[in-house]
Amino acid sequence: MSQFNLSAFEEEAHEQWTHAFESNPSDLEKYYLNVAFPYPSGAMHVGHGRTYIVPDVVARFWRMRGKQVLFPMAFHVTGAPVVGISKRIANKDEKTIRLYRDLYRVPQNILDQFTDPLTIVKHFADEYQRVMTACGLSIDWRRRFITVDPTYSKFIEWQWKHLYEAGHVMKGAHPVRYCTVDENPVGDHDLLEGDKAEVIKFTLVMFRFSDAFIPCATLRPETIHGVTNLWANPDVTYVKIKLDGKPWIVSKEAAEKLALQDHTVEVTGEIRGSDLVGKKVSHPLCGEVPILPAPFVDPDMASGMVMSVPAHAPFDYIALRDLQQKGQYTEIKPIPLIKVEGYGEVPAQYAVEKAGIANQMDSRMDALTQEIYSAEFSKGKLFDKYGGKPVRVAREEVAELMQQKYDSVVMYEFDQRPVVCRCGNKVKVKILHDQWFLKYGDQAWKQEVQDHLDTMALVPTEVRAEFDRTIWWLKDWACTRRVGLGTKFPWDPAQLIEPLSDSTVYMAYYTIAHKVREIEPKLLTPEVFDYIFLGKESEDLPEKKKLDAMRKEFLYWYPYDFRFSAKDLISNHLTFQLFHHCTVFAGQKDKLPKGMVVFGMGLLNGAKMSSSKGNVFLLEDAVKEFGGDTVRMFLMGSAEPWQDFDWRNELVLSTKKQIERFHNTVMEIKDATGEPHDIDRWLASRLQLHITKTTEALDNFQTRQALQEAYFGIETDLKWYRRRLPKDCDGSRELHELCSVWVRLLAPFIPFTGEHLWKELAGEGLISFAPWPVADAKLVSPKIELAEELLARTVEDIESIVKLIQLQPKAITIALAPEWKHQVFRTIATAQDKNTVIKEIMKDESMRKRGKETTDTAKQCTTLIHRLPPHVVAPLVQDPINEKAVFDAAKTFLSQEFGVPVHVVMAEEAGHVKALTALPFKPAIIIE
RNA sequence: GCGAGAAUAUCUAAGUGGCCAACAGAGGCAGACUCAAGAUCUGUUCCCGAAGGGGUUCGCAGGUUCAACUCCUGCUUCUCGCACCA
């Protein structure tokens, strides 16, 4: 007799699985699924577990359904993070070392080698494979690769050649966050502060000051007509510079920034802010305006000089008001120039006064500024004397004018500050040259992708909106890098292909990964891949025989059926890969991806899993502690894939008990020898339903739903079945078939236990390849199920009455409704018009004779019909069951259940008032 | 701020107009078995009830409907994404 011992089952199964899931083209229909490959920079936690177990369950399901399934895996090692990690380890950074030594438990001798980034990813790639195998993932490991393999690099080069030829790769300049100390662009994760800051474009409006220009940065160049003065900070020292040879006056900080933004900057002198105050500058369009003192002007914000438009900018309005209240500059009046509905003559004044704002410190100032900004931008129009154009048009025109006529430039600046690098230095905006882009901003390309997306299957359907939005939101993507691991950029070998951009068509590479290795990398020209993937013939192809084999693999497997990934990849990777597929396989619509399944996130004890915070539970530990099947079943059963799930050890523990219970039940009943009873037919009928529902659920990737049906659904039925069996019988020989079905339905979820039980059941071969159960329509009997439901409901009713009256019953009588009540029931259930149905019934003379009894019955039946599920009412009308026969047959069972004699009579024979309440499907119950 | 979702009993969670006091699991409580613990099994787990019933519920406030957990409107709260990074 088999004892429940998960780790023994696991060992048994692993032995048989070693090469079992290596998959080759065959005569069978294929099913190709894949998952976003991991970046192995650390150990796997249980959150990763689900990401890979869901596709495995699906893979196992389709394999059992007779498809040739390909489930490959590889490792993404390109990029910068591990380079940083290796540096930190080399620098003996305590926090990093603790993470790797203590949490990920990397042995010291290996940790010592982590100063080399490639060693890190190779170490964890091996670990990933080990843990994935421990989880029972049915992966074809022959196809494993890492993204710096020379052959893979060749494949990337081929892919990029196509992108380039399609005109999607472009060289350009690009503003980036830049640290002048590190002399490097700064990514989100390198920021101490300001990760939400965006780079925005300021127009510099040029005011002439003697022989130089003072540039004022603004987002609203169209308000130039309303400038009444400039603001300068009297406590700041400004510098005179030559910007590209032209004399300017800006803050010191601004001079440094401009130097990073494609300009030559030569500092020629200094001038104190206080020396500027009171002077006049000439307005670019007409006349002169004064420079006023303003301590609030931040030299580190854009040019360090501000133009004041008090009619439209609340800050300017208040600053001016403050000065005027001290009796200064009273001659200056706000000059309105934009008309916008609902903001009076002078919008800034109107808004400030309406809000009752007293001074610049008011916390509502920002919101107010934003409000006016938006209102004017969307609805505002310039006054006729200034051209009468909408704000959005005028803005462009003034910006244009400044650059054409006044040698103004665009200045990039953050929309909020401070932005601080990890090193503590302030981050600036730098324009990077020799930067290459993928033109995701290209409208035609977007449209191609959109057209294809519309034909794809997306699970869950809600994510479609997010994909749609991403496609149109994507802008050109900087696709080369200077640091990290990766493939050299073909058109500039000093740079590397950006890591997200090198992992977009690799699903096609899987189809040949194990074979392409046999060819020397240097022979892998673009022509070779053109032949394999596109069928393009060319002269002198090397190793033609091998290429043909690969071509065959590709044609057999591609396109992939489903790609699985966590939902945070929608806005980049998952959409990128569609762009790339559309280009590389242009003109071959049948090679484009067919579907995607997007997952939710993982929580640990209710909190987000995070390696850096130490809130992780390592997958390997989970498998060791609870067993692979337990981890699988828990992860699949606690939520549907696209929902967030929460890992809690207590719950996992009870999952293990469930598997044990399943194992023990199967072992108990599989060899039952009893003769089949009527209830066996019921059980068989129910089983077909569970087969159908489990299959449907897995068809739709609903792992939780499937598990509910396949595990709990069958278990509950089995309980009722065993309760219904005669005392001396512990099951019929037909239970063997039930066990066989049951074990197979659960095999995708708990394959280790599955393999073991399959052997115990003397099943043929491995359960991993056993045929998936198919519901047999001949075994389905709605009538038997309905009769059983009647019985179960009646038993429930009796139980609840017995409990309520707290009497020890001596006998139970079940009184059945007479035929005329069934007639009433049927008439009401089928009635079109609920209002006239009673009249209809009363047309019958025998009904009329019963008078009130009939009307009461009609009312009760109406209520009852509402309460019964449709699946009960419908058959009751079409093909009524013989209640007498049902209860007569169950008499023994009923008296056994309640320990008293049970009588079954027709209501009119009962001679008891209670009997009169009998209704169809709800017999009267008389307890004495 | 913008975009995409979510809110159901102690927890996880099913439920898209009448099957609903609401599937299932976990947990709690009571009981059986046991010397005992664990495991297992049974009952119970919003309130009331000595006859299968009644009452109040599914974030908050309204609305549509004979009928709403389910549809509509507004509000509140939460999660995810907003990129040059895997």
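It should be emphasised that the depicted structure is a prediction, and the values quoted were computed from it without experimental measurement. Naming: A, B, ... by sequence-line order, numbering from 1 per chain.
By the side chain to side chain donor-acceptor pair (under 3.5 Å) test, A/Y721 is found to be paired with A/D680, residues two or more places apart in sequence or in another chain being considered. Residues satisfying the side chain to side chain donor-acceptor pair (under 3.5 Å) criterion with A/K922, sequence neighbours excluded, are A/D797. Taking the side chain to side chain donor-acceptor pair (under 3.5 Å) definition, one finds that A/K171 meets it with A/D434, sequence neighbours left out. A/V802 is linked by a side chain to side chain contact (heavy atoms under 4.5 Å, CB included) to A/I798, A/P809, A/I927, counting only residues two or more places apart in sequence or in another chain. Partners of A/R661 under the side chain to side chain donor-acceptor pair (under 3.5 Å) rule, at least two apart in sequence or in another chain, are A/E715. With sequence neighbours left out, A/K657 forms a side chain to side chain contact (heavy atoms under 4.5 Å, CB included) with no residue at all.
Across all strands shown, A/T716 has no heavy atoms under 4.0 Å from either base or sugar-phosphate atoms. Contacts of A/K657 with the nucleic acid, taken as non-hydrogen atoms under 4.0 Å apart, involve only primed sugar atoms and P, OP1 or OP2. A/H76 comes within contact range of the sugar-phosphate backbone alone, with a heavy-atom separation under 4.0 Å but no base atom that close. Within 4.0 Å (heavy atoms only), A/L804 reaches at least one base atom of the nucleic acid. Across all strands, A/L500 comes closer than 4.0 Å to base atoms (heavy-atom distances). As judged by a 4.0 angstrom heavy-atom cut-off over every strand, A/D476 is placed among the base-contacting residues. Among the atoms of the strands shown, only primed sugar atoms or phosphate atoms (P, OP1, OP2) are found under 4.0 Å from some heavy atom of A/P499. Within the nucleic acid shown, A/A924 comes within 4.0 Å of at least one base atom, counting heavy atoms only. Using a 4.0 Å heavy-atom cutoff across all strands shown, A/L651 reaches sugar-phosphate atoms only and no base atom. Heavy atoms of A/P923 sit under 4.0 angstrom from at least one base atom. If you check every strand for non-hydrogen atoms under 4.0 Å, A/R661 touches sugar and phosphate atoms only. Among the protein residues, A/Q658 comes within range of the sugar-phosphate backbone only, with heavy atoms under 4.0 Å from sugar or phosphate atoms but none that close to a base.
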Please output the side-chain donor-acceptor pairs of residues 36-48 of chain A that fall under 3.5 Å, not counting sequence neighbours, one pair per line with the distance.
unit_1: A/Y39; atom_1: OH; unit_2: A/V82; atom_2: N; d: 3.1
unit_1: A/H45; atom_1: ND1; unit_2: A/G47; atom_2: N; d: 3.0
unit_1: A/H48; atom_1: ND1; unit_2: A/H45; atom_2: N; d: 2.9

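In this structure, the CG atom of A/D646 is 13 Å from the C1' atom of B/U79, given to the nearest Å. Following rounding to the nearest Å, A/E715 (CD) and B/C23 (P) show an atom-to-atom distance of 17 Å. With rounding to whole Å, A/K914 atom NZ is found 8 Å from B/A51 atom P. Rounded to a whole Å, the CG atom of A/L707 is 19 Å from the P atom of B/C23. When rounded to the nearest whole Å, the span between NE2 of A/H573 and P of B/A86 equals 13 Å. When rounded to the nearest whole Å, the span between CZ of A/F414 and P of B/G1 equals 23 Å. The nearest whole Å value for the distance from the CD1 atom in A/I927 to the P atom in B/G53 is 14 Å. If you measure from atom CE of A/M667 to atom P of B/U40, you get 18 Å, rounded to the nearest angstrom.
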Please write out each protein N/O paired with an N/O of nucleotides 3-5 of chain B under 3.5 Å, distance rounded to 0.1 Å.
unit_1: B/G3; atom_1: O4'; unit_2: A/R469; atom_2: NE; d: 3.4
unit_1: B/G3; atom_1: O2'; unit_2: A/R469; atom_2: NE; d: 2.9
unit_1: B/A4; atom_1: O2'; unit_2: A/E466; atom_2: OE1; d: 3.0

Identify each atom pair where a protein N or O and an N or O of nucleotides 42-45 of chain B are less than 3.5 Å apart, giving names and distance.
unit_1: B/U44; atom_1: OP1; unit_2: A/K803; atom_2: NZ; d: 2.8

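Taking atom C1' on both nucleotides, B/U40 is separated from B/C47 by 33 Å, rounded to a whole Å. Atom name P, nucleotides B/A37 and B/G81: the rounded distance is 49 Å, in whole Å. B/A21 and B/C58 have their C1' atoms separated by 10 Å, with the value rounded to a whole Å. The C1' atoms of B/U16 and B/U8 are separated by 14 Å, rounded to the nearest whole Å. Here the separation of B/A6 from B/A13, taken at their P atoms, is 13 Å to the nearest Å. When the C1' atom is used for both B/A22 and B/U57, the distance is 10 Å, rounded to whole Å. Straight-line distance between the C1' atoms of B/C78 and B/G28: roughly 28 Å, to the nearest whole Å.
The side chain to side chain donor-acceptor pair (under 3.5 Å) analysis of residues 74-87 of chain A, with sequence neighbours excluded, yields the pairs A/H76-A/T78, A/H76-A/D502, A/H76-A/S503, A/T78-A/T147, A/T78-A/D502. Sequence neighbours left out, the pairs with a member in residues 631-645 of chain A that pass side chain to side chain donor-acceptor pair (under 3.5 Å) are A/D56-A/R632.
Put simply, A/R722 has no side-chain N or O that comes within less than 4.0 Å of OP1 or OP2 on B/C41. Note on A/Q643: every side-chain N or O is 4.0 Å or more away from OP1 and OP2 of B/U12. Residue A/R177 has a polar side-chain atom (N or O) positioned under 4.0 Å from OP1 or OP2 of B/C84.
Applying side-chain contact (heavy atoms from CB on, under 4.5 Å) to A/F825 and the options A/T857, A/I865, A/L919 leaves one that passes, A/I865.
Here A/W477 lies parallel enough and close enough to stack on the base of B/C84, with planes under 30° and ring centres under 5.5 Å apart.
Counting only Watson-Crick and G-U wobble pairs whose two distances sit under 3.5 Å, RNA chain B takes part in these stems of three or more pairs: B:1-7 with B:76-82, B:10-12 with B:24-26, B:27-32 with B:40-45, B:46-48 with B:53-55, B:59-63 with B:71-75.
Salt-bridge annotation for A/R648 and A/D646: present, with a side-chain N of the basic residue lying under 4.0 Å from a carboxylate O of the acidic one.
Classified by interplanar angle (parallel below 30°, tilted 30° to 60°, perpendicular above 60°), the ring pair A/W436/A/F489 is tilted. Note on ring orientation: taking the six-membered ring where Trp is involved, the planes of A/F564 and A/F599 are tilted (angle from 30° to 60°). Using bins of under 30°, 30° to 60° and over 60° for the plane-to-plane angle, the ring pair A/W647/A/F617 lands in the tilted bin. Under the 30°/60° scheme for interplanar angles, the aromatic rings of A/W477 and A/F576 are found to stand perpendicular.
Side-chain proximity of A/H866 to B/A83, B/C80, B/G18: nearest is B/G18. Between B/G53, B/A83, B/C82, one nucleotide has an atom nearer to the side chain of A/S571 than all others, and that is B/C82.
Under 3.5 Å, the side chain of A/N572 and the base of B/A86 form at least one donor-acceptor pair of N or O atoms.
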